[in-house]
There are 2 protein chains.
Amino acid sequence: MADGAQRKPTRIQMQKRELIREAALDVFSAHGFRGATLDQIAEAAGLSKPNLLYYFESKEAIHAELMDRLLDTWLNPLREMDPDGDPLTELRGYIQRKLEASRDYPRESRLFANEILQGAPRLGSELSGPLRALVEDKSVVLRQWMAQGRIVRMDPQHLIFAIWAVTQHYADFDVQVQAVLGSNDEARFHDAAATIETLFFKGLLPR
Amino acid sequence: MADGAQRKPTRIQMQKRELIREAALDVFSAHGFRGATLDQIAEAAGLSKPNLLYYFESKEAIHAELMDRLLDTWLNPLREMDPDGDPLTELRGYIQRKLEASRDYPRESRLFANEILQGAPRLGSELSGPLRALVEDKSVVLRQWMAQGRIVRMDPQHLIFAIWAVTQHYADFDVQVQAVLGSNDEARFHDAAATIETLFFKGLLPR
DNA sequence: TAGCGTTCTGACCAATTGGTCAAAAGACCA
DNA sequence: TGGTCTTTTGACCAATTGGTCAGAACGCTA
């Protein structure tokens with residue numbers, strides 16, 4: 001295949017590339033970009049390093065592809081919040097989805113956290129682009145709900161930050177959470193959901 | 001100085017070691033342990049690499065010393081929560097102190113976050129030791145307040161997690177926050193404090 | 001089954017990185 | 001001023017790391 005045009009990828013190429021993405025997600029999410037090595041990824045994928053580099057141009061290329069797919073997954077729970085729905089139901093649902101994402105996709109959460117923590121050098125303008133736009137968009141909805149007196153008035157952007165923070169915490173700071181609680185894997189997310197629910201919808205002060 | 005016993009460190013030693021800690025905090029918090037290099041730290045401190053290694057045994061040793069000092073600073077705001085005080089005042093104060101820590105010591109927050117994110121390999125047993133003990137301790141206090149009907153009943157440990165999450169978010173995810181808000185440095189922490197206050201003490205639902 | 005494109009490998013490379021060492025340069029006090 | 005201890009440096013090293021390359025092995029189809 002000497003011509004510059006890309007030919008349709010073979011079945012093996014699709015499989016192996018997926019295998020590599022999976023392995024890379026493991027390694028990158030656990031060690032960050034700099035901390036991860038091609039050897040680790042290759043081993044996790046059960047391939048030799050040169051073989052790995054047959055499927056991906058470079059370490060950066062693997063990471064970039066993971067990043068690409070990440071942001072969408074990341075923002076979908078928020079996208080699904082329906083402007084025409086009932087505020088209580090919609091917010092409850094959004095928090096629920098975010099918490100489930102932390103439970104079911106902790107590696108993705110950590111990959112994202114690693115990237116942001118280090119200044120988002122590779123996620124770059126995605127943040128001030130699509131992410132900002134979506135938050136802006138949903139803030140309008142929240143403000144409407146507030147104006148209608150259906151939820152308490154507060155800064156909608158910071159409200160979204162608060163939801164992100166409390167839910168992602170359970171994926172990103174998992175070690176700490178487990179150290180405090182002493183594992184008990186099943187109860188953890190149930191109790192977290194209950195606490196967040198009470199805190200957000202009732203508040204701390206008895207009425 | 002050939003004898004094994006440590007002699008009292010000179011003035012220069014104290015100064016230079018502090019200089020190095022400061023530089024290392026910059027570099028480690030921005031890139032994580034693996035991502036940071038001795039050359040970067042040396043340059044940030046204005047020293048040559050061998051000179052740096054004259055003051056610290058190894059890269060690990062520098063990081064370890066930062067870690068040592070970190071946990072105490074980290075837990076102090078929670079320690080200060082007074083069991084005999086007014087619940088509302090105490091919780092408000094704790095959230096306030098935590099938010100101020102995020103504003104005034106973002107590097108320390110990120111250093112901590114980096115460590116936890118990657119499985120806390122070097123902070124190790126500090127989490128299931130002193131940290132867990134303190135949370136356990138303050139949970140008792142919170143449970144008492146709940147039993148007395150002075151704050152709404154919920155899981156005290158998860159409540160503490162929620163406070164950690166929403167406050168540290170502003171240090172650890174700063175890039176994201178700025179991308180969404182468009183900097184405006186002054187207002188940021190003020191608005192954050194107001195939103196958390198409303199959310200935690202009033203909740204989302206109008207009464 | 002022969003041929004050809006795809007997949008895979010071992011050997012290798014240059015750059016980076018944590019760390020060492022002998023010796024030079026400074027600082028301080030008798 | 002000389003001598004001794006502390007501080008600093010340039011040169012160097014071994015290990016690791018991202019990446020290359022020529023060719024071997026494989027697998028599909030004519």
Side-chain angles (χ1 to χ4, degrees), chain A residues 1-28 30-67 114 118 121-122, chain B residues 1-28 30-67 114 118 121-122:
Chain A
M1 174 161 74
D3 55 27
Q6 311 282 341
R7 204 156 293 184
K8 180 169 58 170
T10 66
R11 179 180 42 91
I12 291 187
Q13 271 165 12
M14 308 253 287
Q15 284 176 354
K16 289 287 167 77
R17 283 178 66 93
E18 184 51 35
L19 182 74
I20 292 169
R21 273 190 290 264
E22 183 63 19
L25 179 56
D26 256 14
V27 178
F28 279 135
H31 305 290
F33 182 79
R34 267 295 306 268
T37 71
L38 285 180
D39 291 279
Q40 286 174 309
I41 298 173
E43 180 174 352
L47 299 175
S48 68
K49 188 167 56 168
N51 198 185
L52 193 163
L53 285 162
Y54 171 72
Y55 291 104
F56 281 89
E57 222 182 18
S58 66
K59 187 183 177 184
E60 298 252 6
I62 306 176
H63 192 262
E65 203 155 304
L66 288 179
M67 279 306 182
N114 258 309
Q118 320 221 336
R122 297 157 213 285
Chain B
M1 174 159 74
D3 54 25
Q6 311 282 340
R7 204 157 293 184
K8 180 170 58 168
T10 65
R11 180 182 39 92
I12 289 186
Q13 271 164 11
M14 307 252 289
Q15 284 176 355
K16 288 287 165 77
R17 285 178 64 93
E18 184 50 37
L19 183 73
I20 292 168
R21 274 189 290 264
E22 182 63 19
L25 179 56
D26 256 15
V27 179
F28 279 135
H31 306 291
F33 182 79
R34 268 293 308 268
T37 71
L38 285 180
D39 292 279
Q40 286 174 310
I41 298 173
E43 180 175 350
L47 299 175
S48 68
K49 189 168 55 169
N51 198 185
L52 191 163
L53 286 162
Y54 170 73
Y55 290 105
F56 282 89
E57 222 181 17
S58 64
K59 187 184 177 184
E60 299 251 5
I62 306 176
H63 192 262
E65 203 155 303
L66 288 179
M67 280 305 181
N114 258 309
Q118 320 221 335
R122 298 158 213 283

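Bear in mind that the values here come from a model prediction, so they are computed numbers and not experimental data. To find a chain, count down the sequence lines: A is the first, B the second, and so on, and within it residues start at 1.
The distance from atom CG of B/Leu52 to atom C1' of D/dT7 is 13 Å, rounded to the nearest whole Å. Summarising the geometry, the separation between CZ on B/Phe28 and P on C/dT17 is reported as 13 Å, rounded to the nearest angstrom. Across the protein-nucleic acid pair, A/His31 atom NE2 and D/dT17 atom P stand 11 Å apart, rounded to whole Å. Going from atom OH of B/Tyr54 over to atom P of D/dC5 covers 13 Å, rounded to whole Å. If you take CD of A/Glu57 and P of D/dC21, they are 13 Å apart, rounded to a whole angstrom. Distance, B/Met14 CE to D/dT6 P: 16 Å, rounded to whole Å. Rounded to whole angstrom, the span from the NE2 atom of A/His63 across to the C1' atom of D/dG18 amounts to 15 Å. Between A/Ile62 atom CD1 and D/dT17 atom C1' there is a gap of 14 Å when expressed in whole angstrom units.
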Mind listing the side-chain donor-acceptor pairs of residues 46-57 of chain B below 3.5 Å, one per line with the distance, residues two or more places apart or on another chain?
unit_1	atom_1	unit_2	atom_2	d
B/Ser48	OG	B/Asn51	N	3.3

Please output the side-chain donor-acceptor pairs of residues 18-27 of chain A that fall under 3.5 Å, not counting sequence neighbours, one pair per line with the distance.
unit_1	atom_1	unit_2	atom_2	d
A/Glu18	OE1	A/Arg21	NE	3.1
A/Glu18	OE1	A/Arg21	NH2	3.1
A/Arg21	NH1	A/Glu65	OE2	2.3
A/Glu22	OE2	A/Arg107	NH1	2.9
A/Glu22	OE2	A/Arg107	NH2	2.9
A/Asp26	OD1	A/Arg107	NH1	2.7

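Applying the ring-ring contact (aromatic ring centres under 6.0 Å, His included) rule to B/His31 yields no partners; only residues at least two apart in sequence or on another chain are considered. Under the rule for a side-chain hydrogen bond (donor to acceptor under 3.5 Å, both in side chains), A/Arg34 has no partner lying at least two apart in sequence or in another chain.
Contact annotation: B/Asn51 reaches the phosphate of D/dT9 (side-chain N/O to OP1 or OP2, under 4.0 Å). Checking the phosphate oxygens (OP1, OP2) of D/dT6, no side-chain nitrogen or oxygen of B/Gln13 falls inside 4.0 Å.
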What are the atom names and distances for every N/O pair under 3.5 Å that joins the protein to nucleotides 23-27 of chain D?
none

Under-3.5 Å N/O pairs linking protein and nucleotides 10-15 of chain D:
none

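Near-neighbour residues of DNA chain C inside residues 33-46 of chain A, defined by a heavy atom below 4.0 Å, number-ordered: A/Arg34.
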Practice problem: Report the C-alpha distance between A/Phe28 and A/Gln40 in whole Å, list the side-chain angles of each, state the deciding distance to 0.1 Å, and finish with yes or no for side-chain contact (heavy atoms from CB on, under 4.5 Å). | Solution: CA-CA 10 Å; A/Phe28 279 135; A/Gln40 286 174 309; over 6 Å; no
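For the atom pair CG of B/Leu66 and CZ of B/Arg122, the computed distance is 12.0 Å after rounding to the nearest 0.5 Å.
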